Colleague: 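Have a look at this one before I ask anything.
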Amino acid sequence: MSQTQNISTRNALARLSLGLSMLAYGTAKLSRNPQCNKGRMMVALGAMKAAEGTVKFCPLKAMMQQQGMMGQTGVGPEVNKLMKDFAGSGMSGASGAGVGNMMKDLAGQGMSVTT
């Protein structure tokens with residue numbers, strides 16, 4: 001598994017700030033009570049999140065992408081186009097033109113959309 005960047009910059013900054021906050025909170029808990037399990041867990045998880053944000057790589061997301069749980073899940077481009085048409089129409093108006101276009105596409109009468 002190659003470690004290429006798989007999260008965005010905004011996501012990385014959020015992970016970094018959350019991780020550093022968790023790390024600081026866990027360290028404060030451990031300074032008062034060294035036997036605190038909650039503090040130990042916060043330090044471990046905070047360090048992990050801060051590291052993910054620093055290198056812009058999430059191992060869990062990489063495993064999910066490798067197994068095919070994210071991205072293309074076996075649906076063809078026709079389904080993606082239908083979903084875009086449906087979202088674009090917004091189901092507004094009483095005429096239901098968006099639904100009509102979707103029914104034409106589903107019936108196999110062509111993938112062109114008339115608006």
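Keep in mind the model is a prediction, meaning the values are calculated, not measured. Values below: all heavy atoms of this structure, side chains included; hydrogens, waters and symmetry mates excluded.
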Colleague: How far apart are the C-alpha atoms of Met41 and Asn37, what are their side-chain angles, what is the distance that settles it, and do they pass the side chain to side chain contact (heavy atoms under 4.5 Å, CB included) test?
Modeller: CA-CA 6 Å; Met41 185 67 82; Asn37 287 332; over 6 Å; no
Colleague: Give every residue pair that meets the side chain to side chain donor-acceptor pair (under 3.5 Å) criterion with at least one member in residues 17-30, sequence neighbours excluded.
Modeller: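 Side chain to side chain donor-acceptor pair (under 3.5 Å) check on residues 17-30 returns no pairs.
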Colleague: Between Lys56 (side chain only) and Asn6 (backbone N and O only), is there a donor and an acceptor less than 3.5 Å apart?
Modeller: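 No; zero donor-acceptor contacts below 3.5 Å.
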Colleague: Linking I/L/V/M/F/W/Y whenever their side-chain heavy atoms sit closer than 4.5 Å, directly or via other members, would Leu18 and Leu23 fall into one cluster?
Modeller: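 No, it is not one cluster - the side chains of Leu18 and Leu23 are not joined through contacts under 4.5 Å.
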Colleague: Which distance, rounded to the nearest 0.5 Å, do you find between the CD1 of Ile7 and the CZ of Phe57?
Modeller: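 Answer for the CD1-CZ pair, Ile7 versus Phe57, is 9.5 Å.
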Colleague: Suppose the criterion is salt bridge (Lys or Arg N to Asp or Glu O under 4.0 Å): which pairs have a residue in residues 30-54, not counting sequence neighbours?
Modeller: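 Non-adjacent pairs meeting salt bridge (Lys or Arg N to Asp or Glu O under 4.0 Å): Arg15-Glu52, Lys49-Glu52.
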Colleague: Cluster question for you: counting only ILVMFWY and a side-chain heavy-atom cut-off of under 4.5 Å, with indirect links fine, are Leu45 and Val43 together?
Modeller: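 Not linked; separate clusters.
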